[in-house]
Amino acid sequence: MKKITNLLTMALLALGTSLMSCDGNLGLFDNPGDDGDSLNNGQKSIIVLSDIHVMAPQLLEQRGTAFDNYLSQDPKLLEYSAEVLAYLVGEVLLRDPDLVIIPGDLTKDGELVSHQMVVNILGRLRSAGIQVIVVPGNHDIDNPEGCYFNGDNTRPAERTSPEQFKELYADFGYNQAYAKDPASLSFVCEPLKGLVLLCIDTNKYEENLYLDKGDAKNYNQTAGRIRPATLTWMLTEADKARALGKQVVLVQHHNIVQHYDAQGTLQSDYIVPDYENLGKKMMQHGIHLAFTGHTHLQDIAQYRAITDEAQPDSLVDVATGSVISYPNPWRTIKVNKDFTEWQFNTEYVTSISSVSDVKSTCYKRLSENIKGGIGWHIKDGWKGIDKYRESMVVLGLTKKFIPDTPEKLTEILIKYLGDQFCKVYMIHNEGNEWKNSEAAGLEDKLKTSMENMLRDRATSIGVDEMQTGLLITSFNSIYQLRIEPGLKSMLTDMNQYNAFDKRLESRTDDLNAVLHIGR
C-alpha cells in the first residue's frame, strides 16, 4: 500500500513544485523459457519465501474496527498468515529442496508470540532435514506497533529484542554461522558446500520510538542501511570465501539495486542508501547475486559497472514478493553444482483451507482498501503537504488550491488518480510489466488524469485561464523530470542500470529466468 501512496505523492509533489516553480564476471540472462545447460549434473534446489508477515492468531482476540483500520493501511492476508505459512511448508516438503531462504519480515510487527509461531511452523522443515536460513526485516525487531486487537481497542504485544531474535532463530542461520558481525545481527554461513551466504541485517530498529518509553508516538523505522562496520566485515568475509573458490551470495531485506528509475529517490525506504557505491564495492569483492524482499515485488534488477573489460561486472538483485499480498508469489530455484547457473521459477499461493482463491481475495482487498490507505498516509504526512499551501499567494493564486484538510485532498486524488495508480501498483507487483497488455498506454492516461486534476481544481476556485495554462506548463516540466521516468520504468520493466545510473535497454523475465554468474 505504501507504494500506491508514494506514487500519489509524486503527483502531489509535482502539483506543489509546479506551483512553486573487478572480476570481469557478467550476469547474463538466457531467453525466457531456457531450461539451462548444466543443471542435470549435481544440481541443487533452493526455495525463496519472502515477507511472510505471520500474525499469531491469538493476537486477533475479537475482530472489529481496530483490526479493520489496520488492514485499511496495510491490506495483507494477515488473519490467515499462519495458515499460509503452514501451507507453504507443506509445499516445500513435497519438493524437498536443499535450502530455503527467507529474506526478512517474518512477522506482522515483531510480536514475540508471532516469532514463536514462525519458529514452530518452520521447525517442520528442520525436522525433515531441510536447511532454512532467515534474516530479520524492518517489521521483526523491537517493533512498537505489535499489538492485540480486541474490537475497537488494541493493547501492546510483547516485543522481540535483537537478542531474542538471535536465540529464536538459532537453528535458522545463527547456529550454522561460521562468522558473526559484532555490529549487527549479520552472519555468514555455508549451507551448501561451495555456496556462502552473506546474511545481512539492514534494519534500523534502534531508531524506533515508543510511547511506553516516553516518546511522543510509536514509530517503526521502515528504512534500512548497511552499517559501515558491517560493510567492512562482510567484504572481508567475501574475500576470504572467494579466495577459497566459493560462490558468495548476499541475502538481506532491503534492495541493493534499483527496481525502477528513481526508486532511490521516490522510495528511499526500500533500498539501502548509497546503493550505487555499495553495489560497486560488492562486485569488486566478488558478490554478484542478492536475494531481497521488502518491496513486495516479484522483480529481477541488474546493475552493471562499465569498465574497459569485454565483460563488465554485474550485481543482480532478485526481489521476491510477499506470500500474503497480491500476487502471493514465491520462487523455486535450480542451481548447478558450482553455483554459476541459476534457473528461477515463480509459483503462487493460490488456495488455502480458509480462502479458496487467495490471489483474487488479495487483489480485491488491495483494491477496496486503497482509499483508506491513501487517506491514512496523507493524514500522517499532512504537515509536509500543508506547507505548499503557503506558496499559493506568492504565485497569485489562493491557498485553497490545495484543499485545507487531508480528507478533501484524499477525495480529489482518489477521484482522478486512484483507479489508475492501483492498476500501476498491481502490474508492478506482478513483474514482467513489459509483457502485460494493460501496461501499454497507462502512463499517458495517468499524465492526462493529473493534468485534468490540476485544471479542474484551478477552475473550481476561479483561477483565470492564463494562470491555469502556466500551471499546466510548469507541471509538465516537473512531470518529465520527476514523475515520468519512474512510471515509464515501472510499466516497461526497464530496470537494469550501468555505473552512470543510466538504464540499459534490455529486460529480464522477472518470473522465470536463467542467470549465469562467474565464480
Side-chain angles (χ1 to χ4, degrees), residues 1-18 72-75 259-263 265-267 295-299 321 325-327 359-360 362-378 381 385 402-403 406-460 471-472 475-495:
M1 180 58 71
K2 287 185 177 180
K3 288 190 285 298
I4 304 174
T5 54
N6 282 336
L7 289 169
L8 285 168
T9 300
M10 286 192 289
L12 180 61
L13 288 175
L15 183 154
T17 52
S18 65
S72 73
Q73 306 166 32
D74 200 359
H259 285 265
Y260 66 91
D261 283 0
Q263 182 189 4
T265 300
L266 300 174
Q267 283 187 287
T295 57
H296 295 190
L297 297 175
Q298 193 72 354
D299 192 81
S325 184
Y326 181 82
K359 293 179 73 172
S360 66
C362 287
Y363 188 100
K364 184 172 183 287
R365 182 169 288 192
L366 279 173
S367 300
E368 289 180 345
N369 284 283
I370 183 171
K371 185 171 183 178
I374 290 171
W376 185 88
H377 286 289
I378 287 175
I385 295 170
I402 295 180
E407 292 76 17
K408 291 178 182 178
L409 179 57
T410 298
E411 183 179 350
I412 290 173
L413 290 173
I414 291 294
K415 175 183 176 181
Y416 287 91
L417 307 175
D419 290 344
Q420 292 171 341
F421 269 117
C422 186
K423 180 61 69 175
V424 171
Y425 176 84
M426 300 298 189
I427 291 173
H428 191 45
N429 274 21
E430 291 168 1
N432 281 356
E433 300 93 323
W434 55 288
K435 293 184 176 184
N436 193 323
S437 60
E438 291 186 275
L442 185 52
E443 186 265 330
D444 290 334
K445 292 177 182 177
L446 272 165
K447 181 174 181 291
T448 299
S449 294
M450 291 178 192
E451 288 182 352
N452 289 339
M453 177 180 69
L454 294 172
R455 185 176 288 107
D456 290 353
R457 183 62 182 167
T459 300
S460 71
L471 170 68
I472 299 301
F475 164 76
N476 285 332
S477 297
I478 298 298
Y479 181 89
Q480 290 178 351
L481 290 172
R482 302 180 65 177
I483 301 177
E484 184 179 49
L487 285 175
K488 282 192 171 180
S489 178
M490 285 180 179
L491 293 170
T492 60
D493 206 17
M494 291 291 191
N495 54 10

**Student:** Does the S489 side chain pair with the main chain of P485, one donor and one acceptor, at a distance under 3.5 Å?
**Tutor:** no
**Student:** Are N476 and E451 packed together at the side-chain level, in the sense that at least one heavy-atom pair is separated by less than 4.5 angstrom?
**Tutor:** yes
**Student:** D299 vs E433, test: side-chain contact (heavy atoms from CB on, under 4.5 Å). Steps then yes/no.
**Tutor:** CA-CA 10 Å; D299 192 81; E433 300 93 323; 4.2 Å; yes
**Student:** Quick one: pull up NZ in K488 and CG in D444 and give me the separation to the nearest 0.5 Å.
**Tutor:** 7.0 Å
**Student:** Closest approach of L491 and A439, non-hydrogen atoms and distance?
**Tutor:** O-CB, 3.6 Å
**Student:** Where is the tightest heavy-atom contact between I378 and L409, given as atom of each residue plus distance?
**Tutor:** CG2-CD2, 4.1 Å
**Student:** Please report the interatomic distance CD1(I427) to CH2(W434), rounded to the nearest 0.5 Å.
**Tutor:** 15.0 Å
**Student:** Kindly indicate whether the side chain of L413, heavy atoms from C-beta on, has any atom under 4.5 Å from the side chain of M453.
**Tutor:** yes
**Student:** Contact between M450 and I483 at the side-chain level, heavy atoms closer than 4.5 Å - yes or no?
**Tutor:** yes
**Student:** Identify the heavy atoms of Y326 and N429 that sit nearest to each other, and give their distance.
**Tutor:** O-ND2, 3.3 Å
**Student:** Enter the distance from M426:CE to Y363:OH here, rounded to the nearest 0.5 Å.
**Tutor:** 5.0 Å
**Student:** Between E438 and L442, does the side-chain contact (heavy atoms from CB on, under 4.5 Å) criterion hold? Intermediate values first, please.
**Tutor:** CA-CA 7 Å; E438 291 186 275; L442 185 52; over 6 Å; no
**Student:** How far does CD of Q267 sit from OH of Y260, to the nearest 0.5 angstrom?
**Tutor:** 3.0 Å
**Student:** About how many Å separate CE of M490 and CD of E443, when rounded to the nearest 0.5 Å?
**Tutor:** 11.5 Å
**Student:** Is the shortest heavy-atom distance from the side chain of Q298 to the side chain of P327 under 4.5 Å?
**Tutor:** no
**Student:** Rounded at 0.5 Å granularity, tell me how far CD1 in I412 sits from NZ in K415.
**Tutor:** 8.0 Å
**Student:** Evaluate the criterion side-chain contact (heavy atoms from CB on, under 4.5 Å) for residue pair Q263 and T295; output intermediate values, then yes/no.
**Tutor:** CA-CA 11 Å; Q263 182 189 4; T295 57; 3.8 Å; yes
